[in-house]
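Before any comments, here is the structure.
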Amino acid sequence: MEERTLDQLNPGDAAHVVSLDPRHPLRRRLLELGFVRGAPVTVVRRAPMGDPLELRVNGTDLALRLADLRGIRVRR
Amino acid sequence: MTAPLLPPSVPDLGGLRLPDAAACAVTVARLQGAREPRVVVVGNPNVGKTTLINAVAGTRLKVGNWSGVTVEKREAHLSHAGRRVHLLDLPGAYSLSPHTPEELIARTALMDEAPDAVMNVLDAGNLERNLYLTLQLMDFGLPVAVALNLVDEARDKGLTVDAPALSRALGVPVIETVASRSVGTADLMSGVLDRATLGVAVRYPAAIEEAAQDLTSCMSGLSTLPPHAHRYLALALLEGDPSVRGRLAATGHQPLLEAADAHLAALEARGLDPLIEIAEARYARAGDLARVAVPQAQARRTFSERLDRLTLHPLLGIPLFLGLVLLVFRLTFSVASPFVDLIGGPLQDILSGWASAGLAWFPLARDLVVGAIIPGVGTVLSFLPTLLVLYLAMSFLEDSGYMARAAFLMDRAMRSVGLDGRAFIPLILGFGCNVPAVYATRTLERRSDRVLVSMILPFMSCSARLPVYVVFAAALFPRSGSWLVWGLYVLGMAVAFLFALVLRRTSLPAEGGGVLLELPPYRFPAWRVLWKHAWRRTASFARRARTTVMGTVAVVWLLLALPAVSGQRFATVPPQQSLFGVVSQAVSPIFAPLGFGNWQATGALVPGFIAKEVVVGTLGQIYLGEQAAAPAPLGLVAGITQTLGAAWDAVKASVSALPTVLALPSLSAGPSADTQTPLAAALARAFTPASGLAYLVFVLLYTPCIATVGAMAQEHGRRVAWVTVAYQLATAWVVGLIVYQIASRVL
Ligand SMILES: Nc1nc2c(ncn2[C@@H]2O[C@H](COP(=O)(O)OP(=O)(O)OP(=O)(O)O)[C@@H](O)[C@H]2O)c(=O)[nH]1
Ligand SMILES: [Mg+2]
């Protein structure tokens with residue numbers, strides 16, 4: 001399956017985390033929230049003005065900006 | 001090796017580390033022997049820690065449905081089985097590696113407060129993520145008991161939780177609770193005090209365990225680090241936790257840091273990143289535990305998700321949000337204004353009548369009471385109903401979880417002024433009162449954001465400024481009062497955002513680093529809790545009317561009574577020749593270009609620095625004190641019947657105003673012209689529409705009140721506080737000038 005970064009997914013898409021950019025500004029925080037290898041992520045929706053995306057990880061809903069999603073690699 | 005209090009059958013989930021029997025015996029004995037045990041309450045944000053404490057201890061600490069309601073540690077006490085127990089409420093944290101100052105508080109308490117036990121509160125509907133923190137707690141050598149809270153919500157999602165199974169797997173007591181309805185709280189306290197024990201921790205990959213072992217043995221000789229924190233510290237060092245490194249460096253533990261660096265280098269050489277290894281091990285274990293505790297996790301589509309489809313709708317989301325804010329302000333006006341008229345008008349007249357009759361023999365005291373205290377404090381108190389409604393509405397938005405959605409909706413817009421959606425929450429809270437809003441900036445991760453938001457916050461029109469607008473609206477713009485007030489709020493926000501941009505470009509550049517917002521599930525707020533919040537905030541406003549406002553009013557009266565011109569006598573001097581009048585007169589030319597260069601208007605601004613609502617009180621004193629001819633006193637019975645009659649009319653008017661609130665397009669209904677209070681009438685004579693408008697703009701922008709300045713100094717230092725006062729004064733003058741110059745040509 002092809003690998004891509006999270007910002008390229010659309011609402012409704014689901015994927016599994018492959019890796020975090022080692023220089024990601026939120027790296028620690030994302031690991032704590034469960035963005036570990038293999039964790040399932042779903043994109044729930046896009047904010048009305050296009051930026052942040054709402055994601056579901058581990059039963060929690062959170063929102064990240066596209067710029068920060070670029071550092072998260074996922075596989076469908 | 002099994003700990004004495006560990007349940008007999010610990011299921012083998014792999015990667016486990018059983019507690020050390022000797023350590024277990026020592027800590028449990030200490031907990032059970034403590035005469036006044038200290039229990040820290042730890043858990044993710046918004047899982048109901050504070051609600052739980054309030055339920056067990058009968059306290060009234062603040063709760064709300066967004067992350068970061070509790071921003072400082074707070075203590076509650078209760079007695080259990082004859083022992084006095086200290087419960088320490090801590091801000092929520094996802095992990096013990098802090099990212100914000102408030103998250104640091106939880107870890108500091110665990111390390112330094114020498115707690116006897118930990119109460120770990122979990123969201124039963126979201127176990128996997130909550131258990132991450134639990135597993136971190138297990139790396140501390142402290143007895144733990146788990147409160148499995150929000151089980152009602154989990155059930156609504158279709159999840160069944162098996163607390164006994166989780167308890168067996170964790171090796172600590174697990175008690176199901178519904179904090180908001182006080183379910184399970186008695187069991188919980190006995191669970192914490194009688195059965196808490198060290199739990200089953202994660203066993204990390206061998207290379208990491210070896211490194212951690214070595215680091216803990218380096219610490220064993222040091223008296224400076226509490227022994228119960230050794231393993232936690234060792235792991236945090238391996239995770240490269242900057243705050244732990246900083247703390248150890250500052251306390252002279254360089255050898256320890258060097259040892260950690262050596263281990264990190266060795267691990268890296270083997271291709272291992274301890275940060276990832278540790279997170280993965282914890283999540284693997286958290287996943288196993290969640291499967292044990294919630295056997296068939298097949299969450300149903302929830303109410304929250306359906307509601308979000310509307311509130312976060314691509315097209316409707318933002319209009320809905322703006323409409324909601326507008327609705328809150330309309331509600332505040334229509335429903336509360338009859339009561340405002342009641343307290344400000346008939347009630348005050350009757351009281352003045354009685355007071356002047358009762359104090360007829362003490363002219364000085366009568367002057368003070370009838371000419372200063374009753375109009376000053378009375379005018380301020382007449383806004384209590386308005387505030388109560390405003391606070392109820394705001395508590396509803398906070399408690400329901402909608403505030404977090406507002407942050408999501410507004411993030412993109414906030415980005416264009418260099419902030420993020422989370423900064424929106426303190427700004428909105430600023431509409432209520434700037435002081436708690438300044439403290440709410442603690443939930444922001446970066447200092448530059450915290451300072452920036454605090455500096456623009458006072459432009460958000462707090463509820464204490466509302467009385468000033470309402471009185472002027474009634475006096476000068478009787479037909480478009482709501483629009484005027486709405487416009488002032490918008491102007492405040494516009495100025496705030498303008499300065500956000502300016503400050504970002506100049507002294508407080510963005511620090512970079514990502515943005516992460518949380519969207520908690522919606523919860524229908526308990527009316528009892530809402531009422532309690534709103535009532536408490538209103539009561540503190542009323543208390544200030546009794547203390548700060550009454551004090552300021554009395555001082556102003558004294559200054560008005562002191563003659564500044566020879567030949568005049570105390571208390572009979574005309575206001576213009578009093579000390580207050582003469583000084584205000586001297587300053588007033590500054591405001592001539594703004595259209596209100598008279599001593600009355602200028603003088604009323606000064607006490608506004610103490611508290612904004614005093615501006616109205618002082619105007620009342622100046623304009624009404626002059627004509628201090630009190631209304632004729634009514635008999636006691638007549639007075640009471642008349643009051644009750646007026647009160648009943650107010651209730652009727654308020655109820656009949658309710659349907660009009662929803663008629664959104666007609667925003668015109670404001671304070672009605674025919675019930676103009678004496679103060680409004682006096683203002684209508686003293687101001688033109690243009691100068692009144694400039695005055696309101698000046699009051700909106702001119703300076704944070706002293707309490708806000710104090711909060712800012714405490715949070716960000718005195719310099720930030722005073723710079724804010726200075727730049728706001730300048731801004732208020734300039735914007736007031738522009739408004740007057742335009743308005744005097746147009747109006
Ligand atoms: N349905 C339900 N709601 C609850 C329960 N416990 C708490 N709540 C609600 O959850 C929300 C959050 O409660 P708080 O007590 O403020 O949570 P907290 O953990 O102290 O939050 P922070 O201080 O921000 O970390 C409030 O709206 C509570 O009324 C529960 O057991 N069931
Ligand atoms: Mg709390």
Side-chain angles (χ1 to χ4, degrees), chain A residues 5-7 9-75, chain B residues 44 94-95 97 99 123 125-130 132-133 136 157 239-242 273 275-276 278-284 286-287 290 297 299 304-305 308-309 312-319 321 404 407-413 415 420-421 445 512-521:
Chain A
T5 54
L6 252 181
D7 61 298
L9 298 196
N10 288 313
D13 291 352
H16 292 271
V17 175
V18 174
S19 66
L20 291 181
D21 181 341
R23 287 179 314 278
H24 197 293
L26 293 166
R27 185 158 176 264
R28 252 164 208 293
R29 186 122 252 206
L30 292 172
L31 283 169
E32 286 163 13
L33 288 169
F35 283 82
V36 293
R37 203 178 336 163
V41 197
T42 321
V43 177
V44 182
R45 65 167 60 78
R46 205 176 277 283
M49 287 184 256
D51 207 351
L53 288 192
E54 179 183 344
L55 309 172
R56 184 161 306 152
V57 170
N58 257 314
T60 307
D61 287 352
L62 27 101
L64 287 169
R65 288 179 175 174
L66 294 176
D68 295 325
L69 291 171
R70 253 165 239 143
I72 307 176
R73 299 198 68 78
V74 293
R75 176 176 307 162
Chain B
N44 283 8
Y94 293 115
S95 89
S97 331
H99 299 273
D123 172 357
N126 198 351
L127 272 182
E128 200 165 337
R129 195 240 263 178
N130 279 248
Y132 185 90
L133 177 67
Q136 257 188 324
K157 280 197 235 172
E239 287 176 291
D241 182 333
D273 181 343
L275 182 61
I276 290 185
I278 291 175
E280 284 182 354
R282 284 192 188 133
Y283 263 104
S304 236
E305 286 168 40
D308 269 343
R309 271 198 265 162
L312 302 180
H313 188 275
L315 296 176
L316 299 179
I318 290 178
F321 166 67
F408 177 69
L409 291 172
M410 301 310 289
D411 181 69
R412 181 65 190 78
R415 195 175 86 191
D420 66 72
E445 275 159 48
V515 171
L516 197 150
L517 309 173
E518 247 218 269
L519 302 170

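All values below come from the heavy atoms of this structure, side chains included, with hydrogens, waters and symmetry mates left out.
- A/Asp61 touches chain B through backbone and side chain together, each having a heavy atom under 4.5 Å away.
- There is no contact between B/Asp123 and chain A, counting heavy-atom distances below 4.5 Å.
- At least one donor-acceptor pair under 3.5 Å links the side chain of A/Arg28 to the backbone N or O of B/Gly240.
- The parts of B/Asp241 that come within reach of chain A are both its backbone and its side chain, each placing non-hydrogen atoms under 4.5 angstrom from that chain.
- Interatomic distance, A/Arg29 CZ to B/Ser97 OG, rounded to the nearest 0.5 Å: 9.5 Å.
- Interface summary for chain B: among A/Gly71, A/Ala67, A/Gly34, A/Ala39, the most heavy-atom pairs under 4.5 angstrom belong to A/Gly34.
- Neither the backbone nor the side chain of A/Leu20 comes within contact range of chain B; no heavy atom of the residue lies under 4.5 Å from a heavy atom of that chain.
- With contacts defined as side-chain heavy-atom distances shorter than 4.5 Å, the pair B/His313/A/Pro48 does not qualify.
- The side-chain heavy atoms of A/Leu64 and B/Val515, taken from C-beta on, include no pair separated by under 4.5 Å.
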key: Residue pair B/Leu517, A/Leu62: steps toward the side-chain contact (heavy atoms from CB on, under 4.5 Å) verdict   = CA-CA 6 Å; B/Leu517 309 173; A/Leu62 27 101; over 6 Å; no

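- Proximity of a side-chain donor or acceptor of B/Tyr132 to a complementary backbone N or O of A/Leu31 within less than 3.5 Å is not detected.
- Rounding to the nearest 0.5 Å gives a distance of 5.0 Å between CD of A/Glu54 and CG of B/Leu519.
- No part of B/Ala407 comes within reach of chain A, as not one of its non-hydrogen atoms sits under 4.5 angstrom from that chain.
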task = Show your working on side-chain contact (heavy atoms from CB on, under 4.5 Å) between A/Leu33 and B/Leu516 and close with a plain yes or no.
result = CA-CA 11 Å; A/Leu33 288 169; B/Leu516 197 150; 3.6 Å; yes

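- Heavy atoms only, all atoms of each residue included: B/Gly514 and A/Pro25 are closest at N-CB, 3.4 Å.
- Atom CZ of B/Arg412 is separated from atom CZ of A/Arg65 by 8.0 Å, given to the nearest 0.5 angstrom.
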message = Apply side-chain contact (heavy atoms from CB on, under 4.5 Å) to residues A/Met49 and B/Ile318 and explain how you reach the verdict.
response = CA-CA 9 Å; A/Met49 287 184 256; B/Ile318 290 178; 3.4 Å; yes

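- Proximity to chain B (any heavy atom under 4.5 Å) is shown, for A/Ala47, by both the backbone and the side chain.
- Contact of B/Asp411 with chain A is made through backbone and side chain together, with heavy-atom distances under 4.5 Å.
- Only the side chain of A/Arg56 comes within contact range of chain B, with at least one heavy atom under 4.5 Å from a heavy atom of that chain.
- Between B/Ile276 and A/Arg27 the shortest side-chain heavy-atom distance falls below 4.5 Å.
- For A/Leu53, the part lying under 4.5 angstrom from a heavy atom of chain B is the backbone only.
- In this structure, the portions of B/Arg415 lying under 4.5 Å from any heavy atom of chain A include both its backbone and its side chain.
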task = Take B/Phe408 and A/Arg45 through the side-chain contact (heavy atoms from CB on, under 4.5 Å) test and state the conclusion after the steps.
result = CA-CA 11 Å; B/Phe408 177 69; A/Arg45 65 167 60 78; 4.2 Å; yes

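- In terms of non-hydrogen atom pairs under 4.5 Å with chain A, the most contact-rich of B/Leu133, B/Leu409, B/Asp308 is B/Asp308.
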